[in-house]
Amino acid sequence: MNKKITIKNVAKAADVSVATVSHVLNNYPDISEKTKRKVNQVIERLGYSPNIAARSLVYKKQKTIALILNEIDISKKVSLPAEVSLGVFDFCDEIAAQYVFYATTLKEQKEKSFKQFCQEHNITGAIVQGLKITDPYYEEIQSTDFPTVLIDLENKNPKIGSIGIDNRAAGMEITDFLIDNGHQQIGMINGSKYASVSLQRQLGYQDALIEHDIAVKEDFIEFADFSESLAYEKAKQLLSSHPEITAIFSASDLMALGVIKAAKELGRILPRDLSIFAFDNIAVSEFLSPSLSTVEQNMRGVAYRAAKLLDDIIDRNHENSWNIKSDYELVIRNSVINRFKTIN
């Protein structure tokens, strides 16, 4: 009696995963023509005959996990969206779930609800990043029962999950570091007034100033919407109006690039005349002159954990909390000078 040929036999002979064979059998669009031909040739050679009922059952049970990013800005200098996407893909590939990616805008959010969007695209669960607290999707997600995980967004909905670092603590730690290095006049180039991460980082900045009995000056804070060019303009205005500023906390590395350009145009020598501490640890940060002190969040790892958390929510594997704080690290480089030391 001949041994029954299984999908595992096909996968092994074709040197692909079982999930890939399943995708070929179900005509998924994410498989290349070359892989389809190879798998189909093995199926024909081995005489594999899939169980139609089992195929249907697998197809219905397979999860489709979506990453939804709002108003993403793709820049050669910033790899964060790619790192998030890779992290989600890593987990989906591990559990043989289908991974899809969507970008959304405020206009699209006004045209179609979050739940309607997910249902129309046959999404099992969604990972969402980049929403402003004024966005329609953010408001809807705060009361949704659709399996959802937020990255770097505050969450008050017990039915969904969230993951991200403690941005307030990180903002405080950065400002403490600047103060410990002799800086009293510290400006801040922040992101968006409507972004949760921006608000939390600003609170941390203010917490540190208050703890050290340093006055919080609202005119020392500018918002640049995480834009390099806008940060350049805002930093130039800030430093021209307040030449007493000796350090700037930039809420992103990309904005820090604009700050550096503005400072140099104003004749400031870095870090002697101006120290800078930023956020994100993008690839270029290490190679700037001076190299940029910044915060490392490991966004690929955060996104992987977000996908795992979403899988738990979908399967109702309950934990004590769906809200997870991930780790971060202050990466100290050369862009901050210790003013307690003699400067020649």
Side-chain angles (χ1 to χ4, degrees), residues 71 73 75-78 80 132 167 170-179 181-195 197-209 214-295 330-339 343:
E71 296 183 346
D73 180 18
S75 166
K76 291 180 181 179
K77 299 170 185 173
V78 179
L80 294 185
K132 295 182 175 66
N167 281 281
M172 186 173 184
E173 197 170 339
I174 287 169
T175 312
D176 277 337
F177 179 81
L178 292 172
I179 294 169
N181 278 274
H183 298 275
Q184 296 278 313
Q185 306 296 326
I186 303 170
M188 182 176 188
I189 299 295
N190 208 346
S192 166
K193 291 181 180 179
Y194 307 107
V197 292
S198 300
L199 298 177
Q200 291 299 310
R201 289 169 193 175
Q202 183 177 332
L203 286 173
Y205 158 81
Q206 294 171 335
D207 289 343
L209 293 177
I214 299 173
V216 175
K217 301 175 183 178
E218 294 299 328
D219 55 347
F220 271 29
I221 303 170
E222 296 285 353
F223 290 88
D225 286 330
F226 297 104
S227 161
E228 179 182 353
S229 59
L230 188 55
Y232 160 76
E233 294 174 10
K234 295 290 186 178
K236 203 165 187 181
Q237 293 170 12
L238 181 63
L239 293 171
S240 297
S241 301
H242 299 283
E244 69 272 23
I245 289 176
T246 64
I248 284 183
F249 168 19
S250 172
S252 79
D253 288 356
L254 188 62
M255 291 192 297
L257 299 181
V259 174
I260 291 169
K261 181 181 178 183
K264 288 182 176 179
E265 284 190 10
L266 291 171
R268 298 278 192 111
I269 297 174
L270 307 179
R272 189 193 72 183
D273 302 330
L274 184 73
S275 290
I276 302 173
F277 210 116
F279 226 102
D280 291 332
N281 198 24
I282 61 176
V284 71
S285 302
E286 183 180 359
F287 303 102
L288 296 173
S289 182
S291 56
L292 188 61
S293 294
T294 185
V295 174
L330 265 61
V331 181
I332 309 302
R333 297 195 179 110
N334 299 322
S335 62
V336 177
I337 197 168
N338 188 328
R339 288 179 60 82
I343 303 173

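Here the side chains of I221 and Q206 are in contact, with some heavy-atom distance below 4.5 Å. Residues K264 and R268 fail the side-chain proximity criterion, which asks for heavy atoms closer than 4.5 Å. You'll find the side chain of F223 stays beyond 4.5 Å of the side chain of K234, heavy atoms only. The side-chain heavy atoms of L274 and I245, taken from C-beta on, include a pair separated by under 4.5 Å. Between L257 and L288 there is a side-chain heavy-atom pair separated by less than 4.5 Å. When side chains are defined from C-beta on, V336 counts as touching S293, because their heavy atoms get closer than 4.5 Å. The shortest distance between side-chain heavy atoms of T175 and I186 falls below 4.5 Å. Contact check for F277 versus L330: side-chain heavy atoms found under the 4.5 Å cut-off.
Under the 3.5 Å distance criterion, the side-chain polar atoms of S291 are left unmatched by any main-chain donor or acceptor of F287. No donor-acceptor pair under 3.5 Å is formed between the side chain of S275 and the backbone N or O of A247. Between the S250 side chain and the A256 main chain, a donor and an acceptor come within less than 3.5 Å of each other.
Ring planes of Y205 and F249: tilted class, angle from 30 to 60°.
Note that the CD atom of E222 and the CG atom of L239 stand 10.0 Å from one another [nearest 0.5 Å]. Rounding to the nearest 0.5 angstrom, the gap separating the CG atom in L238 from the CE atom in M188 is 12.0 Å. To the nearest 0.5 Å, atoms OG (S198) and CG (N190) are separated by 4.5 Å. Atom NZ in K217 sits 5.5 Å away from atom CD in E244 (nearest 0.5 Å). Separating the NE2 atom in H242 from the CD1 atom in I248 is a distance of 11.0 Å, to the nearest 0.5 Å. With rounding to the nearest 0.5 angstrom, the CG atom of N338 is 11.0 Å from the CG atom of L178.
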Legend entry - side chain to side chain contact (heavy atoms under 4.5 Å, CB included) assessment of I337 paired with N181: CA-CA 7 Å; I337 197 168; N181 278 274; over 6 Å; no

Inset, instruction - Starting from the C-alpha separation in whole Å, work towards a yes-or-no answer on side chain to side chain contact (heavy atoms under 4.5 Å, CB included) for R339 and T246. - result: CA-CA 9 Å; R339 288 179 60 82; T246 64; 3.7 Å; yes

Inset, instruction - For V197 and F279, run side chain to side chain contact (heavy atoms under 4.5 Å, CB included): C-alpha distance rounded to whole Å, both residues' side-chain angles, the deciding distance at 0.1 Å, then the answer. - result: CA-CA 11 Å; V197 292; F279 226 102; over 6 Å; no

Inset, instruction - Please lay out, stage by stage, how S192 and K132 fare under the test side chain to side chain contact (heavy atoms under 4.5 Å, CB included). - result: CA-CA 8 Å; S192 166; K132 295 182 175 66; 3.8 Å; yes

Inset, instruction - Mind running side chain to side chain donor-acceptor pair (under 3.5 Å) on S285 and D253 for me, showing each step along the way? - result: CA-CA 7 Å; S285 302; D253 288 356; 2.7 Å; yes

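The closest side-chain donor-acceptor pair between D280 and S252, if any, does not fall under 3.5 angstrom.
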